[in-house]
There are 2 protein chains.
Amino acid sequence: MSEFDTPEASTDARTLADRVFARLQDDIVRGVLPPGTKLGETELAARYGVSRGPLREAIRRLESRRLLERVPHVGTRVAMLSIPELVEIYRVREALEGMAARLAAENMTAAEIAGLGELLAQHERQPGVQADTAYIQSEGDLDFHYRIIHGSHNATLIDLLIGEMYHRVRMYRLQLATLANRPQKALSEHRRILEAIEARDGEMAELLMRRHISRAREHLEAQHAASPDEPSWTNGKP
Amino acid sequence: MSEFDTPEASTDARTLADRVFARLQDDIVRGVLPPGTKLGETELAARYGVSRGPLREAIRRLESRRLLERVPHVGTRVAMLSIPELVEIYRVREALEGMAARLAAENMTAAEIAGLGELLAQHERQPGVQADTAYIQSEGDLDFHYRIIHGSHNATLIDLLIGEMYHRVRMYRLQLATLANRPQKALSEHRRILEAIEARDGEMAELLMRRHISRAREHLEAQHAASPDEPSWTNGKP
DNA sequence: GACGGCCATATTGTCGACAATCTTGCTTGA
DNA sequence: TCAAGCAAGATTGTCGACAATATGGCCGTC
């Protein structure tokens, strides 16, 4: 199970608020609490075995990460993401991850590149086409991107992508497992990105990464055009 | 006084936690609480006339924005920013604001463009070289960038730049008023960016914006090379 | 029958007190 | 004299109770 969490969010953090933050984020991202779920503070506090104080601190942090939406005096619910919003995110990812790929080609250590190669080889060894493994592949895709982002060795970039954007993408992806991926093509694109990084060709790595994300976005937009209100929890306010 | 605050942060928000968040952020960004200041919860609660509950919620949010640094069971202090970190931020700004400029050229309304023109004309009317007005110019620079970011009409981009990065830049800038700006050159660069936007030339707008920020970054790096430990609160842990 | 205002209820917002943890200065021994 | 351990103090973490606000159903009126 790939480790996507930010360092301070490990489950055995020093304070209850930190632990609740980690667990709640996990439950949201993994789909235990689907988008749109109303979260009662008393109920949640009981569920996690803490008082409402630490819980509210965790909620405020998740709100900052846009995983929760809160209305004063009314309540908190799990954030929803419409396809147009997701497309917007992909457009920003294109710029940021393109930059990350360029920096990764320049800054990744030999060990990091080797590790990335192993990860990719492992993905290629999997029988990629069955419906079941689509989910696995999906997480694997994130893992690949995740490593390149870290390979940029730019803390600001890492914070923005991992801390602010990726959780939302993950949440969405788990909710819409039906939304077909394109494993083989994505995999070969990953392969070429890796080759560019191995060649320390930053410009090429950026170009390939931008294309890779751009194609995923186009795929998404095509799906959306085909069935505009596919995700039942799409952001239409009731 | 330009309005940089995020909508929910207006001073008369519905809850104490929101108001404290806004006031505390303002005190940090405006330099009332300089970087490195230790923040005692009891003392702060008294200062803002609230209990520690809402205060802690505000602290967690400011921590998410990287304006505060917190160590469990030890305390909270105003975040510090070293020049290398700031340079890193400028590199990311280059990518994100370049994109914002391109989108602004494509998406800004005629009214928004007219308003941007007025703002720039107003800056050009100011006697730009005196030491005092450097600060004004400085805020004006941020205002210009701020409008272009919003002109992108991409909510994700706006959130990242305004919500996650700009507060840190603002804080830094106020602390280091001595770090000379380059008002005239920046102003003429702004003028050319505006022209590209008026011509709806997205590619040109992006190119010019990237150059503009890149030059500011180089200026920063040059200053830093000249006096490496200029800011007394630079991030060297004592 | 539909609309608007009112009240009971449940939920959120806030507070003050208690418990747990870290810091710091002192003591004690080598 | 210096270092390690300890204890007192201060600060942060957590909790349960109280107050304020919105929701939703009820009643009355048009």
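Numbers restart at 1 for each chain; the letters A, B, ... are given by sequence-line order, proteins then strands.
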J.: Rounded to whole angstrom units, what separation is found between the CG atom of Asp18(A) and the P atom of dT21(C)?
T.: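 Rounded to the whole Å, the gap is 14 Å.
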J.: Okay, side chain of His150(B), backbone of Tyr146(B): is any donor-acceptor separation there less than 3.5 Å?
T.: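 Side chain of His150(B) to backbone of Tyr146(B), a donor-acceptor pair under 3.5 Å: yes, one is there.
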J.: Salt bridge check: are Arg60(A) and Glu57(A) linked by an N-O gap of less than 4.0 Å?
T.: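 Looking at Glu57(A) together with Arg60(A), the answer is no, because their closest N to O distance does not fall below 4.0 Å.
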J.: Over its full length, what angle do the end axes of the helix from dG1(C)-dC30(D) to dA30(C)-dT1(D) make, each axis taken from five pairs and the result rounded to 10 degrees?
T.: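 About 10° separates the two local helix axes.
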J.: With nearest nucleotides of DNA chain D determined for Val71(B) and Val74(A) from heavy-atom distances, which residue corresponds to the more 5′ nucleotide?
T.: Val71(B)
J.: Look at all strands and tell whether Leu39(A) reaches a base, only sugar-phosphate, or nothing, counting heavy atoms closer than 4.0 Å.
T.: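 Sugar-phosphate: the residue Leu39(A), judged by heavy atoms under 4.0 Å, touches backbone atoms but no base.
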J.: Short question: side chain of Glu88(A), backbone of Ala155(B) - any donor-acceptor pair under 3.5 Å?
T.: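 Looks like yes, one N/O pair under 3.5 Å.
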J.: Expressed in angstrom and rounded to an integer, what is the separation of Lys38(B) atom NZ from dT23(C) atom P?
T.: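 Going from Lys38(B) (NZ) to dT23(C) (P), I get 9 Å.
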J.: When the distance from CD of Glu41(B) to P of dC22(C) is rounded to whole Å, what number comes out?
T.: 15 Å
J.: Are any of the side-chain nitrogens in Glu41(A) or Arg70(A) under 4.0 Å away from the carboxylate oxygens of its partner?
T.: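 No, Glu41(A) and Arg70(A) are not salt-bridged.
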J.: Quick test of your reading of the model: are Asp18(B) and Arg61(B) salt-bridged, counting only N-O distances below 4.0 Å?
T.: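 Looking at Arg61(B) together with Asp18(B), the answer is yes, because their closest N to O distance falls below 4.0 Å.
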J.: Do you know the tightest heavy-atom contact between Arg66(B) and Ala79(B)?
T.: O-CB, 3.4 Å
J.: Under a plain distance cut-off of 3.5 Å, with no hydrogens placed, do His167(A) and Arg65(A) share a side-chain donor-acceptor pair?
T.: yes
J.: For Gly53(A), answer base if it contacts any base atom (sugar-phosphate contacts may also be present), sugar-phosphate if it contacts only those atoms, and nothing otherwise; contact means non-hydrogen atoms under 4.0 Å.
T.: nothing
J.: Earliest and latest nucleotide of DNA chain D, 5' to 3', sitting under 4.0 Å from a non-hydrogen atom of chain B?
T.: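 So the contact region on DNA chain D extends dT12(D) to dA22(D).
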J.: Keeping the roles fixed (side chain from Arg77(B), backbone from Gly36(B)), state whether a donor-acceptor pair exists under 3.5 Å.
T.: yes
J.: Between His73(A) and Arg52(B), which has a closest nucleotide on DNA chain D that is more 5'?
T.: Arg52(B)
